[in-house]
Structure formats: structure tokens, C-alpha cells
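Labels below follow one simple rule: chain letters A, B, ... track the order of the sequence lines, proteins then strands, and each chain is numbered from 1.
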Amino acid sequence: MSSSEISLSEQISAHIRGAILAAVDAGQLPKEISKEVPESISLERPKNRDHGDYATSIALQLAKPAGKNPRDVATILQSNLAVIPEIARVDIAGPGFLNITLNRASQAELVTTILKAQAKYGQSTGLAGVRINLEFISANPTGPLHLGHTRWAAVGDSLGRVLSAAGADVVREFYVNDRGNQMDLFGASLEAAALGKPIPEDGYQGQYIGDIAASLVAQDSKLTSMPEPQRVNEFRERGYAWQLGDQKRVLDNFGTHFDVWFSERSLHEGGSVDVAMVKLRKQGHVFEEDGATWLRTTDFGDDKDRVLTKANGDLTYFASDTAYYINKRGRGFDICIYMLGADHHGYVGRLKATAACAGDDPEYNIHVLIGQLVKIIEGGEEVKLSKRAGTIITLEELVEKVGVDAARYTLIRYPVDTPMILDVDVLKRNTNENPVYYVQYAHARIAGVLRNAQELKIPVGLDNFDPSQLTHDRENELLGALAEFPKIVAAAAEFREPHRVARYLEELAGVYHRFYSDCRVLPLGEEPVSALHSARANLCAATNQVIKNGLDLLGVSAPEKM
RNA sequence: GUGCCUGUAGCUCAGUCGGAUAGAGCACCCGCCUUCUAAGCGGGUUGUCGCAGGUUCGAUUCCUGCCAGGCACGCCA
């Protein structure tokens, strides 16, 4: 049915708009306000249950243009809304709020919608036809993934799922910085570790360097006796392969998968840099100065112009970034999303300016998310993370301590622009205090109820669902919460904020637990099976479907038992 | 110096077209399992929403200034 496409709240919203226009036609409100009426009337779910199922402040907004007292406007709308079948009652409160109470049975039809849609409930078409390149993590292949990467591994993966649910065609991409000085330093560090020599001045110091070196030598003992410069090259290339494979293994275990691993080398070898340079020159923002080649990014708000080719002829890292962006657009992506750490926020301006220099719309074609850094507290002290000192906490270590579900959930439930503090001791000691267990427990609890319902032969399913049975306040609250889900997912996609899904699930789980306390689902003792039992069991099934759909968007499991 | 992010309960944090009595978890106190999972529920306690102005019917939310903390400003990668 079409109501799976148009939610009840959207229908009500449209009804209110119709009621306003009808009041204008009837001469109850002045004609001038027609153009003040928003396309969609915003409804909110009041915190206080006495304020009905939905509330709107539209009368307050229209009062001024209408030249009337807000309460008078509200009164006019009230009588026009009272005739709508889905609405049981409309009350006027405070300065002119309209509090709308829905007909319970029509609200309960939502259960039918959810059970029919199943995994599709919550999906939308808001981003249909939009091709999105979602780049995240993009760690150097010179070391293990650490805590900062872990935040992106969780949030980026979840955002990919959310965008897909909103209808977008998403490609997840990991940019491999396999070119430049740091690769040579990496190779030299491995070689030094293998030969027992001191690590070079600017080399990599961590414990893992020795581990990789030992592993490489174990694979091929001839490595240490190779002549230079072949030896250091081999250490670099084999170390690169080893480290990249390790990153893939760790991410795979974390449930984060990429569609494309894009090598920076391939960008140069495949001619993408030349293509980009030609395109930029054609756009007219390239110039020569002091022997270098520049891109005039200041034409589009950047602080300073950027060098593409140095005076010595080498390409800058900026040239790679620019070519990479143009390459992405050339592959047909409408929107390129970058997820960067706070230490890269200085890049936002130049990335947007680069897009503009390439003739794109920086407001649409490119979207940069800046994630604040994650701090770690252990033993009451902040752990200073330093690659040099080797005091990094890796993704793998975090997962070993708290598990994939808890790690993912904890990292996703905060907006990325919030600097977050993780207390490792709390996570280690008290994993069941994590909100993820609260949500998962609700799912397991419902699954248990449904198993029991099956054993008791309670008729469940759409053929045995009578929506008029669901009249309890707790049932009403639960239905209201379930109705919110599609809006939450759509907003999470629009604002690129998957944490909204996590917060919603906590709310939904809470509403369910309260329902469970007050409303007995299954028959007690010898009590005969009634239509109410079936209706509630179906409500439980619908709730579990939504919890599962939500957890899927986070990449967190929905256990049948706990 | 310039720019970005942050400042909400004892702690960690939610709160985006400006709305009604500012919320959650943890922590603390008191209740609730001989019947669907107590990893749960109910009740109690906790706030100058950094500070000061402005916009208006109404500001934690929008604007300006200030204070505090974090991060970044290379022909490095």
C-alpha cells in the first residue's frame, strides 16, 4: 500500500496544510498568508504525553502575517482539522500550539506497514540516482590502524549504509598513500630493524616495525643479504604489501569493507595527473611563478595559492590530491565525501577551491567531514598517542578489549565534530554499561517473546492483526517511536550523521522496555488466547524489525539471545 | 596573528527549519522477579545551558563581542 511511502505524520502534515488553505478559501484567514504557508508543515513529537501525539506551532507562525491573535488562528484550524478521520482530537494549548491526538487504530496500521516492508522499512528515495564516492580512513600503509582511524572505520562504514538506505549509489573508497618519502623511510626503517642497525633519524620507531621486519625475514631469509639498493627496495615493497594486507584483515574483522582500494601510484602511472593538469589549465586557473607551477585557489576563497609542480620538477602532494579529486569526478561520482581528521581541517578550503578550479560546484560536488580527535584515558591519565614513541592504541587492540559491537557502537553514537574521550578502564571493566547492550538486550528480549509466542501457538502475522486492539498508552508510545524511524534515517543521510540512528535506537529500546513492563504480551497461565495477544505479538515483531534495521545501519549485530 | 571545532547535571554526552516544565547513560539513595530474558522497570537527588549584549510573542538553539580548551596554518608526505 502507498502508506509505506507516505507516513502517517506526512499525511497529517498535508492535511494541516489543506486545512489552512481551506480556511483562506472560506475567508477565515486573509489571502495574503497563502504564500507564508510552508510546503510541509513541521510536526514534532511532544516530550509531554499530555500534548498529544503530534504538535505544531504553525498557528504561532501564521498569526503575524494573518494579523490575528495566535489562539484565534489555532481555533480556526482546529475546527478544520477535526473532520479528518485519522485525527481523534485537536487541542489548543499555551500561546497557540495545536496538539493533535491520532485515532489509535489508524496509528496501529503502522505495524502492517513495517511487517510488509521488513528490511526495507526505513529506506527512502531521497538520494535516489545520486552517485556518491565515500572516502574514509585512507591511512598510510606504513603502520597499523590506530584509534583515529577506528573512529572513521565505524562512522564511515555506517554512513555508507545510511546513504545507501536513502537510495544513493555509494562506493566506499580507501586511498592508499603508497608514494613519497614516507614509503622510503618505512623501507629504511624495516631494513634497519632487520639488520639490527639504529632506525634512521626520521624513521618509524614503533614496536611493530621490528615485528614486520622479522616476519619478512622469516618469509625470505635471503632478504638481509641482498645488495643495496635492491635490499631497501625489497623491504619497502614487501613491507607495504604486508601492512596493506594487515589493514585489510583488521578492517574485515571489524565489519568495514571497501569497494575500491585506490593506489596513489596508480594515479600517476595511469596518467590521471596529466589529465587533471590539462583540465585545470583549460579552466584557466594555472600559472607559473618562481619556477613552480601553481593553482590559483585564491580565486575561490583559499588563503593562498598552491603549488602543483615544484621548481625542481617534482609534483606536490597537493597535485596528487587534486588529480585524485578530478579522477573521482571522471569516474562519474556526483558527490565526493571526504572524512578527515581534525588535523587536516586546513585542507577543507583548498579542497573546495580545487573543485571550483575544476569547474565544479564546491557546495554540491564535494563534502568534507572533519572528525575531532579521540582521546584515550587509561588509569585516570590521558594516554598521549605518538607513533614515534610507539604509544599508539590500534584498532585491533580496542576490539580485543571491548569487542566489535561495543567499539563500533561507542564510536558511532557521538557526532564526529565532538572531541570524544574514551575511558578504556570503563570499557574494559564494565562492558555491559555500554548503551549498545541496552539496545541489543531489547532485541534479544523480543526475540525470546516471539519464540515463546510460537510455542504457545499464538496466531501471529498480518492475517491475525487487529489494529483496534492496540489502545494502551504504552502501545501508543511504541507506535509513535516506530513511526519516527524513516525520518531518522533520512535525516542521518542528509546531514551525514549516523549517530542519529544510534540515539534513536536507545530511545526506541527504552520505549519498548517500558511497554514490556506494563503490557503483558503472552497469555498468563490458562488464560485463553485473544486478539490482543496476537496484536501485541505483531507489535513486538514490528519493533524487532526496526531495531534490527537500525543496528544493521550501524554494522552492529542484533542478537537473538543474550 | 589567522582559521576550524568545542564549552549543557559530579562524569561521558544528546538536544538543526527558534517552542511548552532543558534530557539520557553512568554515579548515589529507595522500591519491583513462585508466570513473556532484572543486561529490565518505577521513584528520588543533581543545572547561572562558558560570560555579556542583540534580534522577538518566545533563544541552549540565530547574530556580535569576550573568556577558556583542542587542532591547524610548508615548493613535508
Side-chain angles (χ1 to χ4, degrees), chain A residues 38 40 42 44 46-48 50-51 55-57 60-61 63-64 70 93-97 99 140 142 177 179-185 202 264 289-294 303-304 306-312 314-318 320 341-349 370-373 375 377 410 413-423 426 430-435 437-438 440-442 444-453 455-456 458 491 494-495 497 499-500 502-503 506-507 509-510 512-514 516-525 527 533 536-537 540 561-562:
Chain A
S40 99
S42 73
E44 65 175 67
K47 283 167 278 190
N48 188 335
D50 295 338
H51 295 155
T56 179
S57 59
L60 292 166
Q61 292 166 40
K64 198 172 204 178
F97 293 103
N99 293 334
N140 289 344
T142 56
N177 295 117
R179 196 171 168 278
N181 273 344
Q182 88 274 6
M183 291 304 293
D184 294 330
L185 281 171
D202 297 323
E264 186 186 355
E289 193 174 291
D290 299 335
T293 305
W294 299 69
D303 308 334
K304 58 186 79 167
R306 306 289 170 179
V307 173
L308 289 165
T309 309
K310 301 183 209 171
N312 67 8
D314 289 348
L315 288 162
T316 61
Y317 195 78
F318 173 71
S320 284
D343 52 345
H344 286 72
H345 76 250
Y347 293 176
V348 177
I370 295 298
Q372 294 299 314
L373 302 179
K375 276 188 202 165
I377 292 180
T410 302
R413 76 186 285 266
Y414 302 104
V416 291
D417 54 9
T418 306
M420 65 180 296
I421 299 175
L422 288 185
D423 190 325
V426 168
N430 262 332
T431 53
N432 62 343
E433 287 173 9
N434 192 305
Y437 293 97
Y438 185 75
Q440 289 184 317
Y441 179 64
R445 203 180 208 189
I446 295 171
V449 171
L450 294 175
R451 279 193 299 270
N452 295 338
E455 262 178 46
L456 293 171
I458 309 288
E494 183 187 348
F495 297 112
E497 289 182 342
H499 80 273
R500 290 164 181 263
R503 297 290 171 165
E506 290 166 31
E507 171 70 24
Y512 180 80
H513 286 313
R514 288 190 282 281
Y516 180 89
S517 299
D518 291 356
C519 297
R520 176 81 200 186
V521 177
L522 303 177
L524 260 176
E527 186 188 350
H533 296 130
R536 284 182 172 169
C540 285
K561 287 181 182 173
M562 282 175 76

Closest to the 5' end of RNA chain B, once A/G346 and A/M420 are matched to their nearest nucleotides, is A/M420
What about A/D303, does its side chain sit under 3.5 Å from the base of B/A72 through a donor-acceptor pair? no
- A/L185 near the nucleic acid: base, sugar-phosphate alone, or nothing, with a heavy-atom cut-off under 4.0 Å? nothing
Q. Under the criteria of a ring-centre distance below 5.5 Å and an interplanar angle below 30°, is A/Y516 stacked with the base of B/C41?
A. no
Rounded to whole Å, CZ of A/F97 lies from P of B/C57 at a distance of 14 Å
Exercise for the section: Test A/Y414 against A/R503 for side chain to side chain contact (heavy atoms under 4.5 Å, CB included), laying out the working first. Expected result: CA-CA 9 Å; A/Y414 302 104; A/R503 297 290 171 165; 3.5 Å; yes
Inset, instruction - Mark yes or no for whether A/H345, through its side chain, and A/A342, through its backbone, hold a donor-acceptor pair below 3.5 Å. - result: yes
Taking a pair to mean Watson-Crick or G-U wobble geometry with both distances below 3.5 Å, B/U35 pairs with none
Re B/U64: Watson-Crick or G-U wobble partner, both distances kept under 3.5 Å, found to be B/A52
- prompt: For the residue pair A/H344 and A/Y347, does the interplanar ring angle fall in the parallel (under 30°), tilted (30 to 60°) or perpendicular (over 60°) class?
  reply: perpendicular
Note to self: B/G74, OP1 or OP2 - any side-chain N/O from A/T316 closer than 4.0 Å?
What the structure shows: no
When rounded to the nearest Å, what value does the distance between P atoms of B/G44 and B/U55 take? 40 Å
What's the gap between B/U61 and B/U6 when it is taken at their C1' atoms, as a whole Å value? 16 Å
Comparing nearest nucleotides in RNA chain B, the 5'-proximal residue of the pair A/P419, A/A292 is A/P419
Can you tell me, in whole Å, how much space there is between the C1' of B/A39 and that of B/G58?
42 Å
- When we call it a touch if two heavy atoms are under 4.0 Å apart, what does A/A453 touch: a base, just sugar-phosphate, or nothing? nothing
Here the distance between atom P of B/U37 and atom NZ of A/K561, to the nearest Å, is 11 Å
B/A72 -> Watson-Crick or G-U wobble partner, both distances under 3.5 Å, gives B/U2
Span that lies between the C1' atom of B/G53 and that of B/C67, in whole angstrom: 15 Å
Practice item. Kindly indicate whether the side chain of A/R500 and the base of B/U16 share any N or O donor-acceptor pair separated by less than 3.5 Å? Key: yes
Taken to the nearest whole Å, CZ/A/R514 to P/B/G42 is 5 Å
- Message: Between B/A59 and B/G18, how many Å separate the two C1' atoms, rounded to a whole number?
- Response: 6 Å
Across every strand shown, the nucleotide meeting Watson-Crick or G-U wobble geometry with B/C28 (both distances under 3.5 Å) is B/G44
>> Suppose you measure atom C1' in B/C63 against the same atom in B/A72; what distance do you get, rounded to whole Å?
In response: 26 Å
Which of B/A20, B/C36, B/G40 is nearest the side chain of A/R520? It is B/C36
Is A/H344 stacked on the base of B/A72, with ring centres under 5.5 Å apart and planes under 30° apart?
no
Pairing partner of B/C57, by Watson-Crick or G-U wobble and under 3.5 Å for both distances, is B/G19
_Taking the C1' atom in each of B/C75 and B/C5, what is the distance between them to the nearest angstrom?_
29 Å
Rounded to whole Å, the CD-P distance (A/E44 to B/G15) equals 16 Å
I'd like the P distance from B/U8 over to B/U16, given in whole Å. 16 Å
Of A/V307, A/T309, A/L315, A/T316, the one forming a side-chain contact (heavy atoms from CB on, under 4.5 Å) with A/T293 is A/T309
